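Reading through the structure tokens given below for one structure.
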Amino acid sequence: MLTELHVHLRPDDLDRTAADHFTAENADRYLTTARERGVEYLGISEHVYRFRQGLSIWDHPFWRENAMDDLDEYSAFIREETGLRLGIEVDFVPGREDRIANLIDEHDFDYVLGSIHFLGSQAVDMRGEWDIWSGGAGPDAVWRRYFETLGEAARSGLFDVLTHPDLVKVWGDGAPRPEGDLRRFYEPAVEAFAESGVAIELSTAGWRKPVGEVYPAPAFLEMVLDAGCPIALSSDAHVPDDLGYRYEDAVALLERLGVGELCVFDSRERRLEPVGAAA
Ligand SMILES: [Zn+2]
Ligand SMILES: [Zn+2]
């Protein structure tokens, strides 16, 4: 099976409204493209901060600006008007675990993706006002904090999958980057993954970004596999044409590392399916 759990029905721009994109026609475009590309399991995972209910977790100015949609309407739309699985991409906000749990428990998601985009009020993957790199932040301190926070996210037990697990590298040479063997940063996170049993996303989106490398980096992926974590494969598509992006390369990488199964979820129950395109 090939899978897509981490998919958005629209680009991240604020003018891409729910009214224009949460439609049966748009869902069909995604389903048709997925089918053409051999992807059998297709779920949608909109950002929690695009929903008004997300403000119950955090009221960062970027979240306030984005919180235009209704989470109950999104859930009802996916369940009642599409053949898609219902997921959500939730930022891990340290100290707000109870609030995150409450929001998750109020909905019948098939799975919950956990992400780290922000460290404190600053973002690792956003240019402009919130860019963590704009203030001359030292790469070692940022990377250390990023992977410690990722470990906390694993230990929180809130998430089924941790997404784009080394997002902190997104800008490649366009942001400061630590020297030497990066495994020293991955280690504390991987220890937490092993204890928590969380699944880790292999995201081909990294190949579309300035860094030009899959998430997680192959050395990180090897550590994740040694820790016994199951793998969830996705492209983080924000348009139908990115579905299955570079899946041949992802499958070849998994094969080389001896990974024969991918995880999928129904009502937050995980099961493993053999890797491979539908005939
Ligand atoms: Zn993300
Ligand atoms: Zn995403």
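We count ligands from 1, going down the list as the structure has it; atoms in each ligand are counted the same way. Numbers here are sequence positions counted from 1. Since we're looking at a predicted model, the values are computed, not measured.
Partner His6 forms a side chain to side chain contact (heavy atoms under 4.5 Å, CB included) with one of Ser203, Ser235, Ser234 and no other, that one being Ser234. Applying ring pair (Phe, Tyr, Trp, His ring centres under 6.0 Å) to Phe118 and the options Trp130, Trp58, Tyr146 leaves one that passes, Trp58.
Taking the ring centre of Trp143 as origin, the terminal cationic atom of Arg177 falls outside the region bounded by 6.0 Å and 45° from the ring axis. A cation-pi geometry, defined here as NZ or CZ lying under 6.0 Å from the six-membered ring centre and within 45° of its normal, holds between Arg208 and Tyr245.
The residues Arg79 and Asp110 are annotated as salt-bridged, a charged nitrogen and a carboxylate oxygen being separated by less than 4.0 angstrom.
A 6.0 Å sphere centred on CG of Asp173 holds no more than 12 heavy atoms belonging to other residues, nucleotides or ligands.
Screening the protein for N, O or S atoms under 2.8 Å from the Zn ion (ligand 2) yields 4; no waters enter the count.
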